[in-house]
There are 2 protein chains.
Amino acid sequence: MPRKPRVRSGSGVTMHDVAKAAGVSAITVSRVLNQPQQVSEALREKVMQAVDALAYVPSRSASTLASARSRTVLVLIPSLANTVFLETLAGIETVLDAAGYQMLIGNSHYDAGQELQLLRAYLQHRPDGVLITGLSHAEPFERILCQHALPAVYMMDLADDGRCCVGFSQEEAGAAITRHLLSRGKRRIGFLGAQLDERVMKRLEGYRAALDAAGCRDAGLEWLDPQPSSMQMGADMLDAALAQRPDCDALFCCNDDLAIGALSRSQQLGLDVPERLAIAGFNDLQPSAWCTPTLTTVATPRRDIGVHAAQALLKLIDGEEPESRRADLGFQLMLRRSS
Amino acid sequence: MPRKPRVRSGSGVTMHDVAKAAGVSAITVSRVLNQPQQVSEALREKVMQAVDALAYVPSRSASTLASARSRTVLVLIPSLANTVFLETLAGIETVLDAAGYQMLIGNSHYDAGQELQLLRAYLQHRPDGVLITGLSHAEPFERILCQHALPAVYMMDLADDGRCCVGFSQEEAGAAITRHLLSRGKRRIGFLGAQLDERVMKRLEGYRAALDAAGCRDAGLEWLDPQPSSMQMGADMLDAALAQRPDCDALFCCNDDLAIGALSRSQQLGLDVPERLAIAGFNDLQPSAWCTPTLTTVATPRRDIGVHAAQALLKLIDGEEPESRRADLGFQLMLRRSS
DNA sequence: GTTTTTCATGTTAGCGCTAACATTTCATGT
DNA sequence: ACATGAAATGTTAGCGCTAACATGAAAAAC
């Protein structure tokens, strides 16, 4: 008794069906689809006709299994709710798309443990490379990358240990915007921080360094909350800050959400911005140019970071060296009414 | 001469290696990982130890190929830059994650042709099902789904043709917010529309229906632009609208970006909102509760749509019937200062 | 005209896993 | 004691594709 045939995936048309229809061998079909220049014009055409006629869709799983290349890249980001990472994704997408790669998006929710689990889970897909947000990760993270010989590019910040990275100095950016507030004559400059991820902490370091240099650092002017940031939280933090330190004359908020919340609240309170209180944000999101008063902030090249990081990763995957293993894309102060 | 061995993917540890280390057959390892209740406690433990010791990561490709199930779902959305779809994704993610499914995200950039290409490209991964934004698609789209016997759930809107869908009536929502403006005594209510996707056009239909019912529809009060919407565009469209029709006394903007831009511009112009001009948006994004004056808008249950749609899809994949093939999750008017 | 090289195509085997069937083990009923 | 069936484990084959090698035909070199 013959055994029951297995179910087939997809519409059931395989490369062999195409080959039979075109009167060639399977490998020829494979070559027409993957290295067309290796096949003569005549056969190429015949095969393509058969592909169209049968509506053949090749199976990525079979291809990955046979070739040990998945043409897939894993992208690890901390949040899908933050425009910053979405614009980075958009940049990555354009490059990968053009190269025939697909991206797997792993959202770690700002949690190093979850990030590690994501990496493990997505390794099942045998990605050819990984794009990673941030430099510091849970313990066995780097070791796993190493074991699997996975090319990796780190995004958003700059590493000093030889890891391939594309970004800008979060610390320098934090220092720069703080110096701007100093240049406006402010001396009791506060810091509002939420989420408290790696990048926020570095901006905080930059803020501290700038104030130390100016001799007016005051630890009592830092307000930090590990919760995710939101406009509501910015408003609440402003209330708390003014209650504790009514002498505060400027605020550097670790991102624009917080800053817009604080700005909005100070408008409600009738505070004179920027005279009584200057406010600066970080990232230059769309609403920052539109709120009243318009928000001073730091524009970050997140889309370009995505593009450059993806390009560098593709080079690494192909065994080449990227143009630079440490690409500093800089940042730009956007000086507006709120300061 | 023996032929050169092939390269291996990943770290090179296979299920057979684990099986040998644990002193069992490969299929037992497979069962420990996939149907653990079928294996005795003792063996299960021995196998798990071997898995950990060797840091074994199963290959999804091999599994997909052998079982004709990819445990993967394709999600088609029109944009990654729009919070609305991201929150939908977040809802989908929670459900799929819990069920051990992974999602492939396809971004069509609001282009039906690109959407079709995405579907074709992602079919290579043999997804077990598809979550689709919107009801109308390029020609062979539905046929392809059919050919591949792909379970599909449509999101954001309600179909009348038996397709499984989760959403709310865009048309009814557009009508409801328009009736609200009418109830505020407005009679020359304009419509600002951008992007002009399917959902915007249905909101427009609802707006027209409500005005027809009240006997004050005026085709000269509709301003439509196929470009992607932005705050800038909202501001520009407000200028154009007031220049053409200074008698306009209310505006329904097809989304909050446009509305905030228009609101901001009318503040700059010193217009009295809502007395001289009432403004309403759509979606209830975060800034809408924070701009001045706060924005009247329609809150949409996008996260829940994601959750429900994913749940329904999982049922369809398992060959069961979802609770409802047409889940109406409703919407909510958020009445604020701008009206 | 013969050898060498190049190019186009084919044959074979195997990537790592799981469905289907086969076998063994052991508890249960009679 | 033995049949009966359920539970646990194993054997075999094959999912659909491509790397490696093999072959044949045409072009280039001598």
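Any value given below was found using the heavy atoms of this structure, including those in side chains, with hydrogens, waters and symmetry copies removed.
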Write down the protein N/O and nucleotide N/O pairs, taken from nucleotides 23-25 of chain C, whose separation is under 3.5 Å; answer none if there are no such pairs.
none

Rounded to whole Å, how long is the line connecting atom [atom1] of [X] with atom [atom2] of [N]?
| X | N | atom1 | atom2 | answer |
| --- | --- | --- | --- | --- |
| H16(B) | dA13(D) | NE2 | C1' | 12 Å |
| Q35(A) | dC17(D) | CD | P | 15 Å |
| L33(B) | dT18(C) | CG | P | 8 Å |
| R71(B) | dC17(C) | CZ | P | 16 Å |
| L65(B) | dG14(C) | CG | P | 17 Å |
| D17(B) | dG16(C) | CG | P | 9 Å |
| L54(B) | dG16(C) | CG | P | 14 Å |
| R69(A) | dA19(D) | CZ | P | 10 Å |

Protein and nucleotides 8-10 of chain D: nitrogen or oxygen contacts under 3.5 angstrom:
from, atom 1, to, atom 2, distance (Å)
dT9(D), OP1, S40(B), OG, 2.9
dT9(D), OP2, S40(B), N, 2.8
dT9(D), OP2, S40(B), OG, 3.2
dG10(D), OP2, S25(B), N, 3.2
dG10(D), OP2, S25(B), OG, 3.0
dG10(D), OP2, T28(B), OG1, 2.5
dG10(D), N7, R31(B), NH2, 2.9

So, R303(B) side chain and V84(B) main chain: donor-acceptor pair closer than 3.5 Å or not?
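No.
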Is a side-chain donor or acceptor of E198(B) paired with a backbone partner of S136(B) at a separation under 3.5 angstrom?
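Checked: pair present.
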Looking at the side chain of P58(A), which of dT18(C), dC17(D), dT18(D) is the nearest nucleotide?
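The answer is dC17(D), which lies nearest to the side chain.
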Between atom [atom1] of [X] and atom [atom2] of [Y], what is the distance when rounded to the nearest 0.5 Å?
| X | Y | atom1 | atom2 | value |
| --- | --- | --- | --- | --- |
| L76(A) | T133(A) | CG | OG1 | 7.0 Å |
| R163(A) | D157(A) | CZ | CG | 9.5 Å |
| M15(B) | I27(B) | CE | CD1 | 8.0 Å |

Could you go through the side chain to side chain contact (heavy atoms under 4.5 Å, CB included) check for T72(A) and H125(B) one step at a time?
CA-CA 11 Å; T72(A) 275; H125(B) 287 117; 4.2 Å; yes
Determine, step by step, whether V13(A) and V57(A) satisfy the side chain to side chain contact (heavy atoms under 4.5 Å, CB included) criterion, reporting the C-alpha distance in whole Å, the side-chain angles of both residues, the deciding distance to 0.1 Å, and the verdict.
CA-CA 8 Å; V13(A) 179; V57(A) 180; over 6 Å; no
Distance only, no hydrogens: is a donor on one side chain within 3.5 Å (strictly under) of an acceptor on the other, for E323(A) and H308(A)?
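No - no donor-acceptor pair under 3.5 Å links their side chains.
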Decide whether E115(B) and H137(B) meet the rule of one side-chain donor and one side-chain acceptor closer than 3.5 Å.
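A pair is found: one side chain offers a donor N or O, the other an acceptor, under 3.5 Å apart.
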Would you say S63(B) places a side-chain N or O within less than 4.0 Å of OP1 or OP2 belonging to dT18(C)?
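Yes, within the criterion.
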With a 4.0 Å cutoff (strictly under), does any side-chain N or O of S30(A) reach OP1 or OP2 of dC17(D)?
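No, because none of the side-chain N or O atoms of S30(A) sits under 4.0 Å from OP1 or OP2 of dC17(D).
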Matching residue for L74(B) among V130(B), D128(B), L123(B) - test: side-chain contact (heavy atoms from CB on, under 4.5 Å)
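In the set V130(B), D128(B), L123(B), the residue that makes a side-chain contact (heavy atoms from CB on, under 4.5 Å) with L74(B) is V130(B).
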Determine, step by step, whether T94(B) and V307(B) satisfy the side chain to side chain contact (heavy atoms under 4.5 Å, CB included) criterion, reporting the C-alpha distance in whole Å, the side-chain angles of both residues, the deciding distance to 0.1 Å, and the verdict.
CA-CA 7 Å; T94(B) 58; V307(B) 169; 4.2 Å; yes
Grab the N/O contacts between the protein and nucleotides 4-6 of chain C below 3.5 Å, and write none if there aren't any.
none

